[in-house]
Amino acid sequence: MKKKQGLLWMLLNLIVVEGVHSCRITVASSVIQFGSPLSASCDCPHLRSSKSVVVWKLDKDFVPCNQTSDVQMSTCPLYFPNFNKTTGVLQCYLRRNDVLQLVDQTNIKAGYPPSPATNISCLMFISQNIVNCTWQLQRDSLLEENVTLSAFRSKDECETPSSAEYICNPPKGIHFCIIQRKYFNNFDDLAVRVTVQNKIGSAPSSLLCLKPLFEVKVDPIIIDDAVPHNDCVRLQWTYGKKANFLTAMRCQLHYKMATEIEWTKPIEIPVDVKTADQCGLLAATKYDFQVRCIRKFLTGQWSEWGPTRSMITAELAPAEKLESWWRTLESTQNGSLKIQLMWKKLEKNKANADHVWYIVKSSSDLHETNNILCNTTNLNCTIVLHEAMKSVFIWTYNNAGVSPVKEMTFPARIGTPVSKMLVSSNNDTSLQVMWDPPSSAEGYLLEWYKCTELPDCEMNWKTEQKGSMSSILQDIEPFQRYSVRLYPLYQDCIGMARETDAYSKEGAPDYSPEIRLLTVSKSQAVVQWDPIPVQKSNGFITNYTVFWTDTSGKENSSTVNGSTATYNITDLIPSTTYQVFLMSSTSGGSVNGTALMLHTANLDNEDINMLLLIFLLFGLFIIVSMITCILKHDRVKSRFWPVVPDPANSQMGKLTAFLKETPKMTFKTCDISQIITSELNIMEGCQMKNVPLGNKINDTLFDDYGHAYNKQISPEEDPNKSRYYVNVDTVQYAKVITGGYREQSPPTSVYVRSDSTQPLICDVSPSPQNYENTWFHFNNHEDSVFMVEGENMQDFPLLNALQLHQD
Ligand SMILES: *[C@@H]1O[C@H](CO)[C@@H](O)[C@H](O)[C@H]1NC(C)=O
Ligand SMILES: *[C@@H]1O[C@H](CO)[C@@H](O)[C@H](O)[C@H]1NC(C)=O
Ligand SMILES: *[C@@H]1O[C@H](CO)[C@@H](O)[C@H](O)[C@H]1NC(C)=O
Ligand SMILES: *[C@@H]1O[C@H](CO)[C@@H](O)[C@H](O)[C@H]1NC(C)=O
Ligand SMILES: *[C@@H]1O[C@H](CO)[C@@H](O)[C@H](O)[C@H]1NC(C)=O
Ligand SMILES: *[C@@H]1O[C@H](CO)[C@@H](O)[C@H](O)[C@H]1NC(C)=O
Ligand SMILES: *[C@@H]1O[C@H](CO)[C@@H](O)[C@H](O)[C@H]1NC(C)=O
Ligand SMILES: *[C@@H]1O[C@H](CO)[C@@H](O)[C@H](O)[C@H]1NC(C)=O
Ligand SMILES: *[C@@H]1O[C@H](CO)[C@@H](O)[C@H](O)[C@H]1NC(C)=O
Ligand SMILES: *[C@@H]1O[C@H](CO)[C@@H](O)[C@H](O)[C@H]1NC(C)=O
Ligand SMILES: *[C@@H]1O[C@H](CO)[C@@H](O)[C@H](O)[C@H]1NC(C)=O
Ligand SMILES: *[C@@H]1O[C@H](CO)[C@@H](O)[C@H](O)[C@H]1NC(C)=O
């Protein structure tokens, strides 16, 4: 850019123009406030006589001179009422004979006056012995800014400086200044001011007056000592390096379990106390602690939270009795019972230790050592309960002590059960149990276990509060059948259990049982199968479907309910092979089993005799029918197999060749109509009646031709049902169109009514009106006997002849 401008200037200097060197742009200021007016003029003192004109450009646009003051057009004064560009290049040109010549240029910058700095604050760092003052700048003035911090000591609340001023000019982008120890006294006032300057103006902040020692930020507090006792911890700390002379400080403490992330809310420590006892902590648990401090009057800033101090709290004796339950495993002959005792693990805040163990005794004396039934870390213990023993006693031990004793009695489970209980799936891994609560129940106990693990299954159990009506059983495996038992707990006894089986999620069975054939006869087969064991069924079997398919692939099926294990297949065809298989369904899906081939029994003698009889009767019937046919041969023949003549093989057919060669018949078109539209008498078989043909065509011609008419079958009718036209003496019409063929208007005389009752040869087509020739335009191959020249004509010699004559 600069290079370019330089080149331009060189060029300009080469061209020596009158007055060029003396032209100068005059502006009041090249840095102005954004939006304020701007005046400029381009003064060329030696130009007055010349014909050159001054022209302005701002950046790339020409700018007109101020129109109103055309007194001195040669200076061309420029005036912007509000200059709204942040930067602009103002150029002055001389125009002579349409040639522009740059004579001077200047950069204009516009911006805002500076805004004073805000949030000025100073902190004294005791360990470093410095005061660090920070501030924030407001709106960007768009112009180069100069920030200056000035500070001085004072003894009269910053009225008058008592020492030389300290000046700090931080580089651009740095918003703090460090005041060294020699510019302040700990207890003397320190006056601080921040001034922001730019080309437009200067903005000093208000004066900040502070006592450095009151604006202290101490170093992070280090906890020197942490001692656990009971459920408490005693902590001790100092105010940090070089800060122990400080007084009137207040501190805060926060802590968390080592496994957690969130700290507790800060806990206030009394002023100037450098120790704290934090209680209410869990026993045998690792905790983290941190401390921070500030001046008593909350001037200055909180120190950063100090480094974390961790420690493990002390163990305590278990605080609570165990929650327990039992089940009878077996009762021996001599009246003693084998009983499994079960209890729940204590919560961490009750066990008060990571490691606990349990001791079961038959006496309540803690210190007696010979009555120990179990000493275990497990949550169960199997004992033999003799008749004399009415109860047992359980303690939880840890390294710090022993819990209160829990006495277990074993009342009979004979109270009233809950009246209704419903177990349903809650989601894939949990079950929901609902029941009608008996009013006198003090609580409930739920037992559940996987049925597939009986009898030595691991039993799960839980208690529910008095008044509750439902419970969610967690950690249920899908596709496993669970038995759920509910005992109501009464004041002095335990209610009878109500038991239900349930799945949290059902699926198709693992397999479908194989079918066994029990009996098979001609038309029935009884099949049997083994029920699917609970482990493999993945759900309650709702039904079985028996499928049987014969050799032709025809499939039959029948559904029976899931408790059935046999099926009687009926209506089978004797002596046939069937494929039989079983589909087993649960509400979660179905699975098909392997197929069994079964062959139904052959027919026995009785059946064969029966069949023979039927065959004989049928044969007899056929023979009788055949005799009838032979005797009445002709009638039968004519009824079922009418003679179909072949026109192509007729004598007329042979004649065509001859006709083609014969010279044209020598009658006119109109005559033909007269000739041809005669009465056509049709004969049956060889009988010929009354054939008065008034033309030259041989009688023999008509023999076959007549038959051809007779055998005409309407294509729209079923050929099998084709009518056989019995000849009558007169036909109602026999009309041959001669003249009206193809666009020619037929002569009226052509239409002569006949008495023939026989349908026209191609009567199958929709009959056109006389004036229409559409019939001929149908190009249906079946119908267009007359249209397809050559082919069909060959078969209808008479028509062929007519065709020839027309030509
Ligand atoms: C420019 O013209 C305006 C009126 O349009 C006038 O007020 C102003 O004084 C003129 N400026 C100069 C520098 O002549
Ligand atoms: C700047 O001012 C000129 C007239 O002086 C006006 O035409 C233009 O729209 C203004 N631009 C902005 C961005 O305000
Ligand atoms: C600066 O001061 C203003 C008001 O005085 C306040 O709202 C703002 O949070 C302060 N900013 C900082 C970073 O302290
Ligand atoms: C002064 O304070 C500023 C802002 O908090 C910080 O960035 C800077 O590091 C401090 N300087 C010293 C020497 O502590
Ligand atoms: C900024 O202030 C310093 C010290 O007063 C001075 O030397 C310097 O010229 C100033 N710069 C500007 C751009 O005002
Ligand atoms: C009968 O009880 C006694 C203890 O009273 C026991 O030692 C014995 O094993 C029991 N007998 C059986 C068969 O359980
Ligand atoms: C229970 O067993 C533990 C470990 O085996 C043993 O230290 C403890 O003394 C036993 N308690 C009693 C009462 O026997
Ligand atoms: C099933 O339901 C239980 C109890 O409502 C819930 O705790 C568990 O997260 C659920 N599981 C799934 C897989 O949704
Ligand atoms: C008894 O407790 C042990 C250890 O917790 C466990 O492995 C076992 O399955 C439990 N026995 C029964 C029958 O619940
Ligand atoms: C099978 O069904 C048929 C017809 O219902 C009956 O006659 C037959 O006795 C049944 N067989 C068995 C084994 O139930
Ligand atoms: C058989 O059981 C399945 C699954 O529960 C069910 O969809 C189907 O309707 C049952 N079929 C009959 C005939 O009951
Ligand atoms: C079992 O076979 C029957 C009959 O072929 C079919 O309709 C059904 O979809 C099959 N079921 C499965 C689970 O494949």
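When a residue number appears, it is its place in the shown sequence, counting from 1. Note: hydrogens, waters and symmetry copies are ignored here, and every other heavy atom, side chains too, is used. All ligand and atom numbering here is 1-based and tracks the order in the structure.
For the residue pair Thr429/Gln474, the side-chain donor-acceptor check at 3.5 Å is not satisfied. Side chain to side chain, Asp365 and Asn371 fail the donor-acceptor criterion of an N or O pair below 3.5 Å.
In this comparison of Thr369, Leu366, Asn375, the heavy atom closest to atom 11 (N) of ligand 7 sits on Asn375. The closest non-hydrogen atom to atom 5 (O) of ligand 9, taken over Leu329, Asn378, Leu341, Thr377, comes from Asn378.
From the protein, the heavy atom lying nearest to atom 9 (O) of ligand 4 is Phe176 CZ, 4.2 Å. In terms of protein heavy-atom proximity, atom 13 (C) of ligand 4 is closest to Ile178 CD1, 3.3 Å. In terms of protein heavy-atom proximity, atom 10 (C) of ligand 4 is closest to Asn132 ND2, 2.3 Å. When only non-hydrogen protein atoms are considered, atom 4 (C) of ligand 4 lies nearest to Thr134 CG2, 3.5 Å.
In this structure, Lys344 does not pair ionically with Glu323, as no charged nitrogen and carboxylate oxygen lie closer than 4.0 Å. We find that Lys211 and Asp189 are joined by a salt bridge, their nearest charged nitrogen and carboxylate oxygen being less than 4.0 Å apart. Lys256 has no carboxylate O lying under 4.0 Å from a charged side-chain N of Glu262, or vice versa, which leaves the two without a salt bridge.
Ligand 9 lies less than 4.0 angstrom from a heavy atom belonging to Arg327. Proximity of Met342 to ligand 9 is not established, as no heavy-atom distance is less than 4.0 Å.
On the SG-SG cut-off of under 2.5 Å, Cys177 and Cys133 do not qualify.
Near Gln340, meaning under 4.0 Å from any of its heavy atoms, are these atoms of ligand 9: 11 (N), 12 (C), 13 (C), 14 (O).
Backbone and side-chain nitrogen or oxygen atoms of Trp357 are examined, and none is located within less than 3.5 angstrom of a nitrogen or oxygen of ligand 7. Some N or O of Asn380 is nearer than 3.5 Å to an N or O of ligand 9, by distance alone.
For Ile359, every heavy-atom contact with ligand 7 shorter than 4.0 Å involves the side chain, none the backbone.
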